[in-house]
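Structure, as C-alpha coordinates:
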Amino acid sequence: MNSKAVVTYLVLYIILNSIGLSIALNFWWTDNLNLSYLKKESFLLLTSVGFSWIAILYLTILIIRKLIIKIKTQNFIGPIDLISNGMYQNEIGIKQATKFKNSMTLIAFPIFILTIIVFITSMNRYEIYELKKNGEMEKIKVKEIRNDIKHNQYIYFDYNIDKNSTNLRNGKNLKVGDEVYIVYSRNNPKIINYKN
(Lines give C-alpha, C1' and ligand atoms only; values in the text may rest on other atoms or scores of the structure.)
Protein backbone atom coordinates (compact mmCIF):
# COMPACT_ATOMS: atom_id res chain seq x y z
CA MET A 1 0.00 0.00 0.00
CA ASN A 2 1.44 3.32 -1.03
CA SER A 3 1.69 6.44 1.13
CA LYS A 4 -1.14 8.13 -0.77
CA ALA A 5 -3.57 5.41 0.35
CA VAL A 6 -2.33 5.66 3.96
CA VAL A 7 -2.86 9.43 3.94
CA THR A 8 -6.33 8.94 2.40
CA TYR A 9 -7.34 6.52 5.17
CA LEU A 10 -6.02 8.82 7.89
CA VAL A 11 -7.64 11.95 6.41
CA LEU A 12 -10.99 10.17 6.04
CA TYR A 13 -10.73 8.93 9.63
CA ILE A 14 -9.94 12.40 10.96
CA ILE A 15 -12.60 14.21 8.90
CA LEU A 16 -15.43 11.74 9.56
CA ASN A 17 -14.59 11.40 13.26
CA SER A 18 -14.36 15.18 13.61
CA ILE A 19 -17.80 15.59 12.01
CA GLY A 20 -19.26 12.94 14.32
CA LEU A 21 -17.66 14.42 17.43
CA SER A 22 -18.66 17.98 16.56
CA ILE A 23 -22.29 16.91 16.10
CA ALA A 24 -22.18 15.05 19.41
CA LEU A 25 -20.58 18.01 21.19
CA ASN A 26 -23.23 20.33 19.84
CA PHE A 27 -26.04 18.25 21.37
CA TRP A 28 -24.30 16.65 24.37
CA TRP A 29 -25.87 18.96 26.93
CA THR A 30 -29.27 19.04 25.28
CA ASP A 31 -32.21 18.86 27.63
CA ASN A 32 -32.56 15.18 28.64
CA LEU A 33 -36.33 15.27 28.26
CA ASN A 34 -35.93 16.32 24.61
CA LEU A 35 -33.57 13.41 23.98
CA SER A 36 -36.02 10.89 25.40
CA TYR A 37 -38.38 11.38 22.45
CA LEU A 38 -37.60 10.84 18.79
CA LYS A 39 -36.76 14.44 17.99
CA LYS A 40 -34.16 16.13 15.80
CA GLU A 41 -31.56 16.06 18.57
CA SER A 42 -31.88 12.29 19.02
CA PHE A 43 -31.43 11.65 15.31
CA LEU A 44 -28.44 13.98 15.14
CA LEU A 45 -26.76 12.18 18.03
CA LEU A 46 -27.32 8.87 16.24
CA THR A 47 -25.90 10.42 13.06
CA SER A 48 -22.79 11.45 14.99
CA VAL A 49 -22.34 7.83 16.07
CA GLY A 50 -22.70 6.77 12.42
CA PHE A 51 -19.99 9.20 11.26
CA SER A 52 -17.63 7.96 13.98
CA TRP A 53 -18.36 4.32 13.10
CA ILE A 54 -17.55 4.87 9.41
CA ALA A 55 -14.36 6.71 10.41
CA ILE A 56 -13.34 3.79 12.60
CA LEU A 57 -13.97 1.38 9.72
CA TYR A 58 -11.50 3.34 7.57
CA LEU A 59 -8.92 3.29 10.38
CA THR A 60 -9.48 -0.44 10.87
CA ILE A 61 -8.96 -1.16 7.17
CA LEU A 62 -5.69 0.78 7.35
CA ILE A 63 -4.54 -1.18 10.41
CA ILE A 64 -5.41 -4.51 8.81
CA ARG A 65 -3.71 -3.67 5.51
CA LYS A 66 -0.55 -2.43 7.23
CA LEU A 67 -0.19 -4.99 10.03
CA ILE A 68 -2.24 -8.13 9.42
CA ILE A 69 -2.93 -8.85 5.74
CA LYS A 70 -0.52 -7.66 3.12
CA ILE A 71 -2.58 -7.02 0.00
CA LYS A 72 -0.57 -6.64 -3.21
CA THR A 73 -3.00 -4.25 -4.81
CA GLN A 74 -2.47 -0.54 -4.29
CA ASN A 75 -6.19 0.11 -4.79
CA PHE A 76 -8.08 1.94 -2.12
CA ILE A 77 -10.47 -0.38 -0.24
CA GLY A 78 -13.36 1.28 1.56
CA PRO A 79 -16.08 -0.11 3.84
CA ILE A 80 -18.51 -0.29 0.90
CA ASP A 81 -16.02 -2.40 -1.04
CA LEU A 82 -16.00 -4.92 1.81
CA ILE A 83 -19.76 -5.38 1.56
CA SER A 84 -19.51 -6.59 -2.02
CA ASN A 85 -17.41 -9.71 -1.46
CA GLY A 86 -16.63 -10.36 -5.10
CA MET A 87 -14.64 -7.17 -5.51
CA TYR A 88 -11.83 -8.06 -3.16
CA GLN A 89 -12.19 -11.85 -2.92
CA ASN A 90 -10.88 -12.14 -6.47
CA GLU A 91 -7.85 -10.01 -5.60
CA ILE A 92 -6.83 -11.53 -2.26
CA GLY A 93 -8.55 -14.91 -2.23
CA ILE A 94 -11.44 -16.27 -0.16
CA LYS A 95 -9.24 -17.33 2.78
CA GLN A 96 -7.63 -13.90 3.09
CA ALA A 97 -11.01 -12.17 2.55
CA THR A 98 -12.51 -14.14 5.44
CA LYS A 99 -9.52 -13.29 7.63
CA PHE A 100 -9.91 -9.63 6.61
CA LYS A 101 -13.60 -9.57 7.61
CA ASN A 102 -12.97 -11.33 10.94
CA SER A 103 -10.14 -8.90 11.70
CA MET A 104 -12.49 -6.00 10.95
CA THR A 105 -14.86 -7.17 13.67
CA LEU A 106 -12.11 -7.85 16.20
CA ILE A 107 -10.46 -4.46 15.67
CA ALA A 108 -13.33 -2.08 14.83
CA PHE A 109 -15.65 -2.87 17.75
CA PRO A 110 -13.03 -2.40 20.49
CA ILE A 111 -11.89 0.88 18.88
CA PHE A 112 -15.52 2.02 18.67
CA ILE A 113 -16.23 1.12 22.30
CA LEU A 114 -12.98 2.77 23.41
CA THR A 115 -13.90 5.92 21.44
CA ILE A 116 -17.31 6.08 23.16
CA ILE A 117 -15.79 5.52 26.61
CA VAL A 118 -13.13 8.21 26.06
CA PHE A 119 -15.73 10.65 24.73
CA ILE A 120 -18.17 10.14 27.63
CA THR A 121 -15.38 10.28 30.23
CA SER A 122 -13.99 13.46 28.66
CA MET A 123 -17.40 15.12 28.58
CA ASN A 124 -18.09 14.21 32.21
CA ARG A 125 -14.69 15.56 33.31
CA TYR A 126 -15.23 18.72 31.28
CA GLU A 127 -18.65 19.20 32.89
CA ILE A 128 -17.18 18.83 36.40
CA TYR A 129 -14.37 21.24 35.49
CA GLU A 130 -16.80 23.81 34.04
CA LEU A 131 -19.12 23.67 37.04
CA LYS A 132 -16.19 24.03 39.48
CA LYS A 133 -14.32 26.77 37.63
CA ASN A 134 -17.15 28.72 35.97
CA GLY A 135 -20.12 27.56 38.02
CA GLU A 136 -22.85 29.97 38.96
CA MET A 137 -25.09 28.88 41.82
CA GLU A 138 -28.74 29.87 41.73
CA LYS A 139 -31.86 29.07 43.72
CA ILE A 140 -34.62 28.02 41.36
CA LYS A 141 -38.30 27.35 41.76
CA VAL A 142 -39.90 24.28 40.16
CA LYS A 143 -42.48 25.46 37.62
CA GLU A 144 -43.69 22.08 36.31
CA ILE A 145 -43.19 18.35 36.68
CA ARG A 146 -42.89 16.59 33.32
CA ASN A 147 -42.54 12.94 32.32
CA ASP A 148 -40.55 11.27 29.59
CA ILE A 149 -41.59 8.20 27.57
CA LYS A 150 -40.70 5.87 30.48
CA HIS A 151 -42.60 8.09 32.94
CA ASN A 152 -39.41 9.29 34.64
CA GLN A 153 -40.07 12.64 36.29
CA TYR A 154 -38.24 15.82 35.33
CA ILE A 155 -38.51 19.25 36.90
CA TYR A 156 -38.93 22.23 34.59
CA PHE A 157 -37.57 25.61 35.67
CA ASP A 158 -36.06 28.89 34.52
CA TYR A 159 -32.52 29.89 35.48
CA ASN A 160 -29.73 32.33 34.62
CA ILE A 161 -32.01 35.23 35.60
CA ASP A 162 -34.85 33.71 33.49
CA LYS A 163 -32.70 33.70 30.31
CA ASN A 164 -32.68 29.89 30.09
CA SER A 165 -35.03 27.06 30.97
CA THR A 166 -34.52 23.32 31.10
CA ASN A 167 -35.64 20.01 32.54
CA LEU A 168 -33.57 18.10 35.10
CA ARG A 169 -34.22 14.58 36.29
CA ASN A 170 -36.32 14.77 39.46
CA GLY A 171 -34.08 12.62 41.65
CA LYS A 172 -34.93 14.68 44.72
CA ASN A 173 -38.72 14.10 44.52
CA LEU A 174 -39.42 17.80 44.20
CA LYS A 175 -42.95 19.19 43.75
CA VAL A 176 -44.21 22.24 41.86
CA GLY A 177 -43.28 25.36 43.83
CA ASP A 178 -40.34 23.70 45.65
CA GLU A 179 -37.03 25.53 45.63
CA VAL A 180 -33.62 23.97 45.11
CA TYR A 181 -30.09 25.16 44.37
CA ILE A 182 -28.61 24.42 40.97
CA VAL A 183 -25.23 25.23 39.46
CA TYR A 184 -24.64 26.05 35.79
CA SER A 185 -21.65 27.15 33.75
CA ARG A 186 -21.35 30.82 32.88
CA ASN A 187 -19.51 29.82 29.68
CA ASN A 188 -22.10 27.26 28.59
CA PRO A 189 -25.39 27.58 30.50
CA LYS A 190 -26.53 24.21 29.07
CA ILE A 191 -24.09 22.56 31.47
CA ILE A 192 -26.25 22.38 34.59
CA ASN A 193 -26.75 20.17 37.61
CA TYR A 194 -28.08 20.18 41.15
CA LYS A 195 -25.81 21.86 43.68
CA ASN A 196 -24.49 19.19 46.07
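V7 pairs by the side chain to side chain contact (heavy atoms under 4.5 Å, CB included) definition with V11, not counting sequence neighbours. Scored by the side chain to side chain donor-acceptor pair (under 3.5 Å) test, N188 finds no partners at all (sequence neighbours excluded). Residues meeting the ring-ring contact (aromatic ring centres under 6.0 Å, His included) test with F112, sequence neighbours left out: W53. Applying the ring-ring contact (aromatic ring centres under 6.0 Å, His included) criterion to Y126, with sequence neighbours excluded, gives W29. P189 meets the side chain to side chain contact (heavy atoms under 4.5 Å, CB included) test with Y159, N160, N164, Y184; sequence neighbours excluded. Contacts of F51 classified as ring-ring contact (aromatic ring centres under 6.0 Å, His included), with partners at least two apart in sequence or in another chain: none. Taking the side chain to side chain contact (heavy atoms under 4.5 Å, CB included) definition, one finds that I145 meets it with V142, Q153, I155, N170, V176, sequence neighbours left out. Residues meeting the side chain to side chain contact (heavy atoms under 4.5 Å, CB included) test with L12, sequence neighbours left out: T8, Y58, F76. Applying the side chain to side chain donor-acceptor pair (under 3.5 Å) test to S48 and every residue at least two apart in sequence or in another chain returns nothing.
Note that the CE atom of M104 and the CZ atom of F109 stand 9.5 Å from one another [nearest 0.5 Å]. In this structure, NZ on K99 lies 10.0 Å from CD1 on I64, to the nearest 0.5 angstrom. The CZ atom of F119 sits 6.0 Å away from atom CG of L21, with the distance rounded to the nearest 0.5 Å. Interatomic distance, N187 CG to N134 CG, rounded to the nearest 0.5 Å: 4.0 Å. A distance of 9.5 Å separates CG in N193 from CD1 in I182, rounded to the nearest 0.5 Å. With rounding to the nearest 0.5 Å, the separation of CG in L168 from CG in L174 is 9.5 Å.
Linking ILVMFWY side-chain heavy atoms closer than 4.5 Å, directly or via other members, places L62 and L114 in two distinct hydrophobic clusters. W28 is not connected to I117 by any chain of hydrophobic side-chain contacts under 4.5 Å among Ile, Leu, Val, Met, Phe, Trp and Tyr, and they are in different clusters. The same ILVMFWY cluster, assembled from side-chain heavy atoms under 4.5 Å apart, contains both I116 and I23. Connection of L16 to I14 is established within a shared hydrophobic cluster, with ILVMFWY side chains joined at heavy-atom distances below 4.5 Å, either directly or through further cluster members. Hydrophobic clustering, with ILVMFWY side chains joined whenever heavy atoms are under 4.5 angstrom apart, keeps I113 apart from V49.
Shown here for S103 and T60, the closest heavy-atom pair between the two residues is O-CG2, 4.5 Å. What you find for R65 and F100 is that their closest heavy atoms are CG-CE1, 4.0 Å. Here the shortest heavy-atom pairing between N17 and S52 reads OD1-OG, 3.0 Å. When all heavy atoms of Y156 and S165 are compared, the closest pair comes out as OH-OG, 3.2 Å. When all heavy atoms are compared, the tightest approach of E127 to I192 is OE2-O, 4.4 Å. I56 and A108 get closest at one heavy-atom pair: CG2-O, 3.6 Å.
Judged as a salt bridge (charged side-chain N to carboxylate O under 4.0 Å, His left out), the pairs with a partner in residues 154-167 (not counting sequence neighbours) are, in order, K143-D158. Listed by first then second residue, pairs satisfying salt bridge (charged side-chain N to carboxylate O under 4.0 Å, His left out) with a partner in residues 182-196 read E136-R186, not counting sequence neighbours. The side-chain hydrogen bond (donor to acceptor under 3.5 Å, both in side chains) contacts involving residues 173-183 comprise K139-E179, where partners must be two or more places apart or lie in separate chains.
Within the 4.5 Å cutoff, side-chain heavy atoms of I63 are placed close to those of I111.
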